[in-house]
Chemist: 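The following block contains the structure, expressed as structure tokens.
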Number of protein chains: 2
Amino acid sequence: MADRRPTLADVAHAAGVATSTVSRAFSRPQRVNHRTRERVLAEAERLGYVPNPAAQALESGRTRTIALLVPDITNPYFSGVIKGAERGAANAGLTLVLGDTAESSAAEAQLVRRLERAVDGFVIAASRLTDDELRTAATRTPITLVNRATAGMGCVVADYDSGTHQIVDHLASYGHRSFVFVGGPAESWSGARRWQGLQAAAAERGMEVRRSGPYLPTLSGGPAAADAVLASGATAVVCHNDILAIGLMRRLAERGVSVPGEISVVGFDDVFGADFCHPTLTTLAERTEDAGRRAVELLVTQVPLRQAGGPTRVLPTQLVVRGSTGPVTSM
Amino acid sequence: MADRRPTLADVAHAAGVATSTVSRAFSRPQRVNHRTRERVLAEAERLGYVPNPAAQALESGRTRTIALLVPDITNPYFSGVIKGAERGAANAGLTLVLGDTAESSAAEAQLVRRLERAVDGFVIAASRLTDDELRTAATRTPITLVNRATAGMGCVVADYDSGTHQIVDHLASYGHRSFVFVGGPAESWSGARRWQGLQAAAAERGMEVRRSGPYLPTLSGGPAAADAVLASGATAVVCHNDILAIGLMRRLAERGVSVPGEISVVGFDDVFGADFCHPTLTTLAERTEDAGRRAVELLVTQVPLRQAGGPTRVLPTQLVVRGSTGPVTSM
DNA sequence: ATGAAAGCGCTAACAC
DNA sequence: GTGTTAGCGCTTTCAT
């Protein structure tokens, strides 16, 4: 182990100045004589001085750390959000703490409470908390939401209105007159928005929609969903997310049902895997990496202002047409 | 925003005791009169007191935070490591900071330096630093490695000796007399270990092996690898990782080559997607979640002891046989 | 068992 | 432009 690490005082002594000058040399370069600053920095470098973040935080009350909370770290949908947030944090010189809420609102609330003094703010993706819980927490520490809109705080959401229209138009262009929405968890905010959008878009097109589910938004949710879809006689299905869609397609393949020959399948998210499953999946791509980065930016800009509110940023979505959708077979 | 948060002094005042008593009530319950402690805790609860981690860290020098560094957060291989580490940290009451080193040794070194004062230790997965750089860094802050063995520090690695034997035995059982190893990045420690293991196992079986590459360990590395393999006339290939294997299989499909009919394909990692690509991929599964958790445990046990060294933990691997491997076609 | 008081390393007024 | 000096909130001797 190294000996005691050099402190501000060590650098100050070595450079023959006061500690405040050293501090300023780092944090307010303008307010220090250029030559003095050079000397201080040189001494700091020579001594291998690194500021102690705990001490900085204690004084300033700011930790230069933010937390990102996601329901499941291993879900590839959140990988993009995590990466984007990590980039955004790095750009802003912030440290990113990652928390997995295990899809539980209790765990989420506990994590917020545990970390609120250790971080300057939270980015919460797909929060399971109620609007009220979120707003209460936001009075203590700034919060920005990803894929969840709650009045009074910064939100970054995907444009599901446009996205669901794109999906419906695509299916209509292939001659489908109706489709089934294979729903995910009932509490999912994005699930509700997707379903609303699909209903509205279908109504405009004069198409008929039904909803099936809820199902687990995992590969294992696929078989039950597939069987329900088969029973319904649908020519097309739109699934809550890609993973569920892939699980559903696997089951359809097992049962000898051709995709897209007999049934067209559409997913949401364009996760890793959507372009190499079989058949490749037509899906609505979200800019998850952008979402993570923007959420951090939103948080950073509102932190210094100490304002609780924040505008909602809507990120574009785009339909990626692949092999799982095709024309209706007239029988 | 909330008013000033209650401090130790507020609680002490409210309970009519000294701050040191409040501090002890939390950290050394034994050394405080039972009734006093009850009263203090009640007041703390009533005021909504939460200790300020920065102040705790400043005094004690310990932050109760550890950092996990990975080359690429979006790589599904690391998702398991991240999840495991998150769990391990949560179990130990530690906060986990996540860093993405962007597959760059410079970024990794910078991140270590930037965080070393803010955390009590590092878990570094697939480190790109040299052994010397790692050992130097470890003298300042404890470090544990995942999938990288460096003498003198705690390491968690997969059992590639057993794993590569499993792969070779599997191919031999299907009648393959030779195979090609499709290599990843030259600097990859695990890549080197895999190749060593395969060579040794093949030699024992009297099989012939050649190496091709290096290739990008991504889907986009697949086409070049596939074409090289075709030119070689191999009956079986073992790829650096699953992603590369899937990219390679896609290219083979494009070129009308049947898998496993004409060529058998084996991957490493068993990442998300290996069970739904087409054909499903035979691959060597690693216990990545265990690895992450164990690495944190190793770090935690060595931190209090302030000992730099640490034993290497070897985690079992197992071959998952799926649809991408089959018998040699005699032509 | 409890209190008083000295810092931990740094920032921010406020002087000079 | 630079130095002096109070703390930030907590832990930890050292008394009592």
Side-chain angles (χ1 to χ4, degrees), chain A residues 2-41 43-44 47-65 93 95 116-120 140 304, chain B residues 2-41 43-44 47-65 114-120 140 304:
Chain A
D3 290 334
R4 192 181 61 87
R5 291 209 170 106
T7 71
L8 249 202
D10 296 329
V11 178
H13 185 254
V17 297
T19 59
S20 51
T21 302
V22 179
S23 175
R24 277 188 290 254
F26 282 101
S27 50
R28 280 157 182 56
Q30 323 285 15
R31 308 208 188 185
V32 174
N33 179 296
H34 188 260
R35 292 173 49 77
T36 312
R37 177 156 184 271
E38 297 281 273
R39 187 155 38 93
V40 168
L41 261 35
E43 282 302 322
L47 264 42
Y49 168 74
V50 182
N52 180 331
Q56 297 184 149
L58 180 54
E59 167 63 28
S60 63
R62 297 196 300 97
T63 59
R64 301 210 54 77
T65 298
T95 299
E116 63 182 4
R117 306 247 11 199
V119 303
D120 292 341
R140 324 186 94 231
Chain B
D3 290 333
R4 196 180 59 86
R5 291 213 169 102
T7 69
L8 248 202
D10 296 328
V11 178
H13 185 253
V17 297
T19 58
S20 49
T21 303
V22 179
S23 175
R24 277 188 289 255
F26 282 100
S27 50
R28 279 157 182 55
Q30 322 285 15
R31 307 209 188 185
V32 174
N33 180 296
H34 188 261
R35 293 174 48 77
T36 313
R37 176 155 184 272
E38 298 280 273
R39 186 155 38 89
V40 167
L41 262 35
E43 283 302 322
L47 294 165
Y49 168 74
V50 182
N52 179 331
Q56 297 185 141
L58 180 56
E59 170 62 29
S60 62
R62 297 196 301 97
T63 59
R64 301 209 55 76
T65 298
R114 191 164 112 48
L115 290 176
E116 64 180 6
R117 309 245 9 200
V119 304
D120 292 342
R140 325 185 95 230

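Residue numbers start from 1 in every chain, and the chains themselves are labelled A, B, ... in the order their sequence lines are given, proteins ahead of strands.
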Chemist: Going through the distances and angles, do B:T36 and B:R39 end up as a side chain to side chain contact (heavy atoms under 4.5 Å, CB included)?
Modeler: CA-CA 5 Å; B:T36 313; B:R39 186 155 38 89; 4.1 Å; yes

Chemist: Atom CG of A:L47 and atom CD of A:E43: how far apart are they, to the nearest 0.5 Å?
Modeler: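 Answer for the CG-CD pair, A:L47 versus A:E43, is 6.5 Å.
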
Chemist: Side-chain donor-acceptor contacts of residues 15-32 of chain B below 3.5 Å, not counting sequence neighbours, with atom names and distances?
Modeler:
{"unit_1": "B:S27", "atom_1": "OG", "unit_2": "B:S23", "atom_2": "O", "d": "2.9"}

Chemist: With the threshold set at under 4.0 Å for non-hydrogen atoms, list the residues of residues 31-39 of chain B touching DNA chain C in residue-number order.
Modeler: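 Those residues are B:R31, B:V32, B:N33, B:T36.
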
Chemist: Considering residues at least two apart in sequence or located in another chain, which fulfil the side chain to side chain donor-acceptor pair (under 3.5 Å) criterion with B:T65?
Modeler: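 By the side chain to side chain donor-acceptor pair (under 3.5 Å) rule, B:T65 matches no residue at all.
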
Chemist: So, using side chain to side chain donor-acceptor pair (under 3.5 Å) as the criterion, who are the partners of B:R114 when residues are at least two apart?
Modeler: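 By the side chain to side chain donor-acceptor pair (under 3.5 Å) rule, B:R114 matches A:T95.
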
Chemist: Angle between the end axes of the helix from C:dA1-D:dT16 to C:dC16-D:dG1, five pairs per end, to the nearest 10 degrees?
Modeler: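 Angle reported: 30°, given to the nearest ten degrees.
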
Chemist: Residues two or more places apart in sequence or in another chain: which of them pass side-chain contact (heavy atoms from CB on, under 4.5 Å) with B:A118?
Modeler: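 Partners of B:A118 under the side-chain contact (heavy atoms from CB on, under 4.5 Å) test: A:P53.
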
Chemist: Kindly compute the distance separating CZ (A:R117) from CG (B:N52), expressed to the nearest 0.5 Å.
Modeler: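 Here the interatomic distance stands at 4.5 Å.
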
Chemist: Between B:V17 and A:L58, just flag the one whose closest nucleotide in DNA chain C comes earlier from the 5' side.
Modeler: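 Residue closer to the 5' terminus by nearest nucleotide: B:V17.
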
Chemist: Quick one: salt bridge (charged side-chain N to carboxylate O under 4.0 Å, His left out) partners of B:E59, sequence neighbours excluded?
Modeler: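 With sequence neighbours excluded, B:E59 shows a salt bridge (charged side-chain N to carboxylate O under 4.0 Å, His left out) to no residue whatsoever.
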
Chemist: Please report the closest heavy-atom contact between B:T7 and B:Y49, naming both atoms and the distance.
Modeler: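 The pair with the smallest heavy-atom distance is C-CE1, 3.7 Å.
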
Chemist: Between D:dT2 atom P and A:F26 atom CZ, what is the distance in whole Å?
Modeler: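 My rounded result for the distance is 15 Å.
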
Chemist: Applying side chain to side chain donor-acceptor pair (under 3.5 Å), can you list everything that pairs with B:Q56, at least two apart in sequence or on another chain?
Modeler: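 Here no residue qualifies.
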
Chemist: Sugar-phosphate means primed atoms, P, OP1 and OP2; the rest is base. With that split, encode nucleotides 10-16 of chain C 5' to 3' as B, S or - using protein heavy atoms under 4.0 Å.
Modeler: SBBB---

